[in-house]
Amino acid sequence: MKKVQFKSSYSQYFFLAPQLLILLIFLYWPIIQTFRDAFTIQDAFGFGSYFAGFDNFKFIFTDPSYYTAFKFTIIYSFVITLITGSIGLLLAVQANNVLHGKNVYKTLLIWPYAIAPAVVGVMANYFFSERFGLLYHLFNNLWGFNWYEDVFDAYIYVVIAGSWKQISANFIFFLAGLQAIQKTVIEASIIDCKSNIRRFWTITFPLLMPTTFFLIIINITYAFFDTFGIIDTTTIGAPGSETKTLVYKAYIDGFKGLDLGSAGAQSIMMMLIVLVITIFQFRYIEGKIHYN
Amino acid sequence: MSFLELKNITKIYPNGTKAVDETSLNVEDGEFVVFVGPSGCGKSTLLRMIAGLEDITGGEISLDGVIINNIDPSERDVAMVFQNYALYPHMTVFNNMAYGLKNRGISKDKINSKVNDAAKLLEIDQLLDRKPSMLSGGQRQRVAMGRAIVRNPKIFLFDEPLSNLDAKLRNQMRLEIKKLQRQMDVTSIFVTHDQTEAMTLGDRIVVINDGIVEQVGTPKEIYSNPNTKFVAEFIGSPQMNLFDCSIKNGIAKIGEAQVNLDNLININDASIGIRPDDIQITDSGKFESKANLVEYLGSDMIIYSSIGGQDFSCKLSSKIDVKAGDNFKFDITPSSIHVFDNNTNKKV
């Protein structure tokens, strides 16, 4: 490669400046701001603030509603990951075997991926509205479904709303993963093993592990952060605060409750949680994966 | 009844392409048959139909007296070795070889002894704990062979298994495959586009072109007595020289030159074929031509020349002193000439 030598020692900074500026304003500044908020207590009307040490953290750890949000987020991300992963995989395997109209299936299954979470939430609203919701009445007839009052029913609501779009993402990656498996490897296994199901679990699935691992991280991240728009347009945390994710709670506490200190502390906690999950995944799961 | 019988096998893909057209073939028990032809000629498709990886559009395949058209690939008792080895990348060498046995419910002890025996035979017993990614091309090839051997199948199917190896290794593996086949005495079908591989490996060769079997025979038959122009050109290296000509009363006219044939035929539009090593250079030769290019190969050399506007090559001992640009005289023995009718492309 040809090495480019700058004549002036400043010109490289000139070229870097736009990107650096964007990073500084939209990434580093907010991060610093968050840290500052987390360690200060601010007057709700913005008249003054003082350094509070770990008071904000102490507060959220003694706040039962923080535990509710924490519990919900963990359950929510686990269920979303499981549901979107398994349905996405199932659809990908089926679509991969389709002989006629493969592209129609693919296109239709990929479409939801392009829809913004907030729009998904609004659409889910129609299905789960008490007045004219199709699914609301279906479930209501089955077991008296009422997400306005029942926590478990509210979980069902946000899980369905949150999974639907993400199934598409899982589908795309699993399909790509399936198509990346050497055709002859599958053919060799067809000669070696009669049972489709056994072949899937002994050959196809192990070879999809890199994709699966990637999707687990993507799905957890999605459930943690990107479902904000869905919660905000569906239950808004209803029945009480049981369906607030950590992100949603931090937003409500900070911008609706005007407690920026607590919101900052919550954000830092969230960062630590994601860090722990990621380290755990790379340490314990990735080692078991075969990469080609 | 033969061990493997193909009856009028046809393969038409959903898009209408006819890959194999009404092919019939009998293979005897223990025989080593090679399918050879240019890429896309349908030889692999034919093999894959025997394996069960490809549906059969028409015709019937029977193996050891059983029609296998609708039998699951895993129950046909065939083993296949693929061009890119197709090893299971997430399994160790041992598990790669044991996988097919495990799925057939064979006991652990038996699997162990079978895999170990095969590994010893192929000299890969040191590699059993490794994953395929840690093996060289030649070693992977052996594992793929091992996977086929442990199953002790009725028939081995090889789909261009040597194409991914370098030239030296290819020759070595070729010999080993042949030796192994003799030793185990298992009926084998070997697909290749390489005519040298076909000639050296096969008890019989099936030359396929455009989904049609052009000729079936021993390597010697195919080489010395090609039935069609295609076979004549495809088998043998360097290629057989083909001259377009018209034949009157047993005399073929190539431009000004006249070649005597050993029967008195008349064909307007014909080709005569002469193998490069059937051209003798002698000072008393009837024909004279200029050497355009000379390739030195050690013991042999190849002279590229033309006569009557048609290019040809001759292969001869490098002891003869002909340089590029020299004129040389040569003769052709009438009995070594193959005559083809250009309208049918068949031998006359």
Side-chain angles (χ1 to χ4, degrees), chain A residues 85 89 92-93 95-106 173-174 176-216 281-282 284-292, chain B residues 13-15 44 47-48 50-55 68 71-92 95-106 131-134 140 143-148 150-151 153-157 159-161 163-164:
Chain A
L89 178 60
V93 169
N96 199 35
N97 289 335
V98 168
L99 291 177
H100 302 287
K102 200 173 197 164
N103 287 327
V104 177
Y105 280 92
K106 265 195 272 181
F173 284 105
F174 274 128
L178 284 171
Q179 286 171 353
I181 297 176
Q182 260 186 25
K183 220 179 127 222
T184 47
V185 168
I186 299 299
E187 287 175 346
S189 71
I190 288 174
I191 293 175
D192 270 348
C193 179
K194 192 187 178 195
S195 155
N196 283 330
I197 295 167
R198 197 182 155 84
R199 214 185 306 136
F200 177 80
W201 290 113
T202 49
I203 304 287
T204 315
F205 190 66
L207 292 178
L208 277 178
M209 275 319 275
T211 313
T212 310
F213 178 65
F214 168 76
L215 281 173
I216 287 174
Q281 283 172 329
F282 275 95
Y284 295 100
I285 303 181
E286 212 203 6
K288 296 192 173 70
I289 294 178
H290 170 86
Y291 286 98
N292 263 332
Chain B
Y13 283 108
N15 63 13
S44 277
L47 188 81
R48 291 163 56 82
I50 298 169
L53 298 173
E54 209 82 62
D55 288 333
I68 56 172
I71 293 182
D72 193 84
S74 63
E75 292 179 329
R76 292 186 180 194
D77 209 357
V78 301
M80 188 149 166
V81 178
F82 294 86
Q83 178 176 357
N84 56 9
Y85 324 123
L87 300 178
Y88 309 125
H90 58 298
M91 293 185 187
T92 60
N95 285 327
N96 258 285
M97 288 163 73
Y99 183 68
L101 300 173
K102 276 182 197 160
N103 292 323
R104 286 175 176 80
I106 291 166
K131 293 252 176 90
S133 56
M134 296 161 76
R140 286 181 207 189
V143 177
M145 297 272 300
R147 194 167 62 180
V150 288
R151 292 252 325 277
K154 282 183 185 152
I155 191 162
F156 277 148
L157 306 172
D159 192 3
E160 308 217 14
S163 307
N164 282 8

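Numbered from 1 within each chain, the chains take letters A, B, ... in sequence-line order. Only a predicted model underlies this, so the values are computations on that prediction, with no experimental measurement involved.
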Seminar exercise, completed: If you tally heavy-atom pairs under 4.5 Å between each of B:K102, B:R48, B:Q83 and chain A, the highest tally belongs to B:R48
Seminar exercise, completed: Among B:S74, B:A144, B:G52, B:A51, the residue with the most heavy-atom pairs under 4.5 Å to chain A is B:S74
Exercise. Which atoms of B:E75 come close to chain A, meaning under 4.5 Å heavy atom to heavy atom: side chain ones, backbone ones, both, or neither?
Worked result: side chain
Exercise. Do you know which two heavy atoms are closest between B:S163 and B:E160, and how far apart they sit?
Worked result: OG-OE1, 3.1 Å
Problem set entry | Contact check, side chains of A:N96 and A:K102, non-hydrogen atoms, under 4.5 Å | yes
Exercise. What part of B:R76 gets closer than 4.5 Å to chain A, counting heavy atoms only: side chain, backbone, both or neither?
Worked result: neither
Exercise. Taking side chain as C-beta onward, heavy atoms only, is A:L89 less than 4.5 Å from A:L208?
Worked result: yes
Problem set entry | Contact summary for B:H90 and A:L207, nearest pair of heavy atoms | ND1-CD2, 3.4 Å
Exercise. Is it the backbone or the side chain of A:T202 that comes under 4.5 Å from a heavy atom of chain B, or both, or neither?
Worked result: both
Exercise. Mind checking whether A:F282 and A:F213 have parallel, tilted or perpendicular rings, split at 30° and 60°?
Worked result: perpendicular
Seminar exercise, completed: Highest number of heavy-atom pairs under 4.5 Å with chain B among A:I190, A:I181, A:V185, A:D192 belongs to A:D192
Exercise. B:L101 versus chain A, heavy atoms under 4.5 Å apart: side chain, backbone, both or neither?
Worked result: neither
Problem set entry | A:K183: partners by salt bridge (Lys or Arg N to Asp or Glu O under 4.0 Å), with sequence neighbours left out | A:E187
